[in-house]
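Have a look at the structure below before the remarks.
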Amino acid sequence: MKRIVQRLVLAVGALSLVLAGAGLQTPAPLASLAKISVLPSRVNVRIVLEPSSAVPNLTAAYDKDFPSRLVLDLGRVQPPAVPAVPADEPALVKGLIFLAGADSRTSLLVDLIGPVPFRVSTEGGKTVVELTKILAADQYLVSAETQAALNQSKDRDVTLSGVEVADKSDRTDVTARLGRKAVTNIFALGDPLRLVVDIYDTVLTGPMKTSPIGTSGLEQVKIGQFKTAPPRSVTRLVFELAAAQAYSVTNEASGLTISFPKSPAVVRDEKPMLAEPPQAPAKTEQKADDAGKSRTVHDAQEKYTGELISPRFKDADLRDVVLWLGEFAGLNVVFDPEVRGSVTVNFDLIPWDQFLDIILKINNLGKTLEGNVLRIASVAKLAEEEKSQQSLRDAKEQSGSMQTKIFTLSYAKSKDVMDILKGKKSARGELVTDDRTNTVIVTDVKEKLDLIESLVATLDTSTPQVQIEARIVEATSSFVQNLGIQWGAKVIADPFYGNQTSLQFPNKVLVDGAMIPQGIVTKGIGGPLGGYAVNLPAPSFNSAVGLSFANVLDTFRLDVALSALETSGDGKIQSTERITTQNNKEGYVNQGRQIPVQTSANFTVTTQYVNAGLELRVTPQITAEGTIIMTIEIKNDAADFGNLVNGIPPITTQSAKTTVTVADGGTTVIGGVYRIEDSITHDRVPFLHQIPILGNLFKSFSKTKSNRELLIFITPRIQK
């Protein structure tokens with residue numbers, strides 16, 4: 001330890017002489033930051049730096065020794081308090097810490113779950129570091145900024161023939177010439193790593209294009225048409241990256257430029273700035289929103305929360321190193337007489353308590369901490385003491401005083417938690433439940449009572465509720481077209497009219513083509529001669545016209561009637577039911593009527609009521625990810641009073657039964673029935689209907705089309 005102190009003194013003295021000889025002036029005063037905020041969103045995390053005085057330009061790069069650590073060089077600046085990571089951002093940012101470097105330079109370390117593409121920009125005097133989240137391949141999320149721009153944009157589609165790639169000394173630029181500012185949505189995809197830029201209201205001319213690049217960590221860029229209108233056309237640029245790196249976006253009236261700088265990763269030698277020791281998290285009441293999340297009651301894994309240090313020792317005495325750590329951490333240190341050992345390490349940014357555990361472990365030593373007193377002893381001795389302490393605790397448990405506590409449960413059933421609690425009591429302990437008051441009575445030693453109390457607090461929590469909305473949409477359309485013809489004729493050659501045949505036989509002739517009287521076959525419309533020879537009217541009609549032609553003597557006449565019908569109709573029926581039920585509990589709702597059905601057996605008449613309405617049974621299960629698994633049975637039955645059987649209407653049934661997983665507030669279609677009917681009916685006279693053109697006088701037709709669609713929509717919502 002003395003040698004270390006001597007070296008530090010010599011180094012400081014030498015540095016002072018060098019600075020004095022160089023005649024260095026007093027450095028300029030430090031700039032200051034007012035606030036640093038971490039703002040998560042669906043597609044990115046924004047770190048916003050708000051200066052209270054002029055701050056030099058920020059530079060950022062990944063540490064080559066720690067690929068998941070982003071280093072923000074703030075320059076000569078007085079930092080604010082270390083920003084806290086919001087509780088709703090566990091997916092990317094792990095933590096932040098300030099580092100002090102030479103000449104009062106300050107850096108901000110951003111520890112991430114993994115490296116992601118990022119960009120640095122300025123907005124209204126603030127510096128923004130935007131970390132682009134890596135989404136799954138099947139995800140497509142639009143940022144709030146992009147959505148706001150889309151809501152305001154009324155631009156029409158512009159054509160884009162391709163992109164320009166410019167390899168410059170400090171960066172690689174990829175430019176899309178659009179002739180206006182673009183609305184973009186930027187996100188990243190993994191496996192392999194890709195940066196995706198979607199340009200809205202843009203149509204690509206020609207097929208998809210691929211341009212190899214090979215500089216600035218950019219392997220190639222692909223350009224293709226992702227969507228076509230409506231509602232908006234989207235051209236997509238996909239940049240395949242060799243590794244997560246910085247990029248910048250310039251969005252101007254002339255077009256859009258995405259730049260990738262040629263800057264290597266950096267290594268930092270600064271030491272961590274001392275901060276206040278971590279405080280124990282404040283106890284907060286559990287909300288129903290946390291019911292689906294896991295909580296740790298007991299965790300045996302060691303958690304390290306000490307300040308970061310970078311120790312470097314060679315053959316240093318173990319006791320000197322531990323004393324140095326104790327002084328650094330503000331602890332009193334005591335060694336057992338047999339403690340011996342040496343330390344040779346070279347660590348960079350490790351929690352001091354983890355460093356202590358490592359050097360003790362390699363020397364087969366252990367520690368105990370009582371208050372602010374740190375004791376170092378051999379593992380064997382500590383194990384023997386722990387065994388003695390366990391025996392003492394067992395003896396106290398067997399002979400300790402018994403206490404009784406009464407737990408009145410609010411949400412859980414006493415008989416349901418009994419199986420869990422009875423495994424935690426001691427051999428002398430006793431548990432009794434009272435179902436009438438929903439109470440658990442526990443008699444045990446204090447240590448076991450404390451454990452059981454924490455378990456009861458965990459188990460006796462409110463169960464979240466789910467509102468399920470079911471919609472059944474039934475749409476119908478119909479079209480009917482009918483066309484028919486009726487005609488007949490009468491020809492008379494008779495001496496009475498003076499138009500006989502001039503033959504002895506036949507001297508007079510009567511040809512009657514009206515042989516189907518209307519009175520016998522009620523079909524179509526009546527004719528002047530009592531009927532028609534060809535009687536093929538439309539099956540049903542709402543329009544008809546009749547024509548009758550005759551000569552002066554009425555010796556020749558022709559009667560014709562045309563009948564027609566064309567109808568169309570559209571209909572939509574929407575049935576909606578809502579029900580709220582607890583998690584993992586079945587909910588049931590029914591709306592409609594009951595039809596009495598009578599049966600007779602052995603001179604006994606029995607009446608049974610059958611449901612004819614909308615019926616929903618559903619059991620929701622909320623997952624830890626916030627989605628909802630639902631077992632659904634839905635029926636939409638209706639009585640058909642148009643087709644009574646012995647005075648009882650038949651039941652038309654529509655039903656579905658399935659199990660689905662839906663996001664909170666999302667909608668899924670669990671069933672659909674599509675029915676299309678298309679029919680054409682012809683009435684015609686044999687053989688004669690085949691005569692070209694004239695065959696139309698010997699036939700009628702009826703054309704019917706009907707469509708029916710049935711869709712069942714389910715929307716669950718977790719009640720907050």
Going by distance alone, is a donor N or O of one side chain under 3.5 Å from an acceptor N or O of the other, for [X] and [Y]?
| X | Y | answer |
| --- | --- | --- |
| Ser161 | Thr205 | no |
| Ser216 | Thr172 | yes |
| Thr257 | Thr250 | no |

Any chance you could measure [X], atom [atom1], to [Y], atom [atom2], to the nearest 0.5 Å?
| X | Y | atom1 | atom2 | value |
| --- | --- | --- | --- | --- |
| Ile47 | Lys126 | CD1 | NZ | 15.0 Å |
| Ser41 | Arg46 | OG | CZ | 8.0 Å |
| Thr715 | Gln467 | OG1 | CD | 9.5 Å |
| Ser143 | Glu130 | OG | CD | 7.5 Å |
| Leu70 | Asp111 | CG | CG | 9.5 Å |
| Glu145 | Glu123 | CD | CD | 8.0 Å |

If you count every heavy atom of other residues, nucleotides or ligands that lies below 6.0 Å from Asp191 atom CG, does the total exceed 12?
no

Kindly check if the number of other-residue, nucleotide or ligand heavy atoms within 6.0 Å of NZ (Lys361) is above 12?
no

Would a distance-only check, ignoring hydrogens and angles, find a side-chain to backbone donor-acceptor pair under 3.5 Å from [X] to [Y]?
| X | Y | answer |
| --- | --- | --- |
| Thr146 | Ala144 | no |
| Gln582 | Gln465 | no |
| Asp63 | Arg69 | no |
| Thr106 | Val77 | yes |
| Arg177 | Gly162 | no |
| Glu625 | Thr627 | no |
| Asp664 | Ile718 | yes |
| Thr184 | Val197 | no |

Minimum-distance pair of heavy atoms, taken over all atoms of Arg717 and Glu469
NH1-OE1, 4.3 Å

Thr580 and Gln719 have their tightest heavy-atom pair at CG2-CG, 4.3 Å

The side-chain hydrogen bond (donor to acceptor under 3.5 Å, both in side chains) partners of Thr122 (sequence neighbours excluded) come to none

Taking only residues two or more places apart in sequence, or in another chain, which ones meet Arg236 in a side-chain hydrogen bond (donor to acceptor under 3.5 Å, both in side chains)?
Asp198

Is there side-chain contact between [X] and [Y], with heavy atoms separated by less than 4.5 Å?
| X | Y | answer |
| --- | --- | --- |
| Thr667 | Val662 | no |
| Glu50 | Val48 | yes |
| Ile714 | Val660 | no |
| Ile628 | Thr623 | no |
| Leu308 | Pro351 | yes |
| Arg180 | Asp201 | yes |

Between Thr463 and Asn583, does the side chain to side chain donor-acceptor pair (under 3.5 Å) criterion hold? Intermediate values first, please.
CA-CA 6 Å; Thr463 302; Asn583 187 32; over 6 Å; no

Taking 4.0 angstrom as the limit, do [X] and [Y] come out as a salt bridge?
| X | Y | result |
| --- | --- | --- |
| Arg194 | Glu219 | no |
| Asp170 | Lys262 | no |
| Asp357 | Lys367 | yes |
| Arg171 | Asp173 | yes |

Audit row: Lys133, Val43, side chain to side chain contact (heavy atoms under 4.5 Å, CB included) steps and yes/no:
CA-CA 5 Å; Lys133 291 184 178 179; Val43 296; 5.7 Å; no

Are Phe347 and Trp352 close enough that their ring centres sit under 6.0 Å apart?
no

Please tell me whether Phe355 and Phe328 form a close aromatic pair, meaning their ring centres lie under 6.0 Å apart.
no

For a side chain to side chain contact (heavy atoms under 4.5 Å, CB included) check, start with the C-alpha distance between Val322 and Leu356, then their side-chain angles and the critical distance, and finish with the verdict.
CA-CA 7 Å; Val322 175; Leu356 174 61; 4.2 Å; yes

Enumerate the residue pairs fulfilling salt bridge (charged side-chain N to carboxylate O under 4.0 Å, His left out) with a member in residues 240-252, sequence neighbours excluded, ordered by first and then second residue.
Lys222-Glu240

Is there a side chain to side chain donor-acceptor pair (under 3.5 Å) between Thr228 and Ser233? Walk through the geometry before answering.
CA-CA 4 Å; Thr228 57; Ser233 300; over 6 Å; no

Go through the steps for Val196 and Leu189 under the test side chain to side chain contact (heavy atoms under 4.5 Å, CB included), then give the verdict.
CA-CA 7 Å; Val196 181; Leu189 298 175; 3.9 Å; yes

Parallel, tilted or perpendicular, as decided by the 30° and 60° cut-offs, for the rings of Phe260 and Tyr247:
tilted

Side chain to side chain contact (heavy atoms under 4.5 Å, CB included) between Tyr140 and Asn185, worked out
CA-CA 10 Å; Tyr140 188 78; Asn185 188 46; 4.1 Å; yes

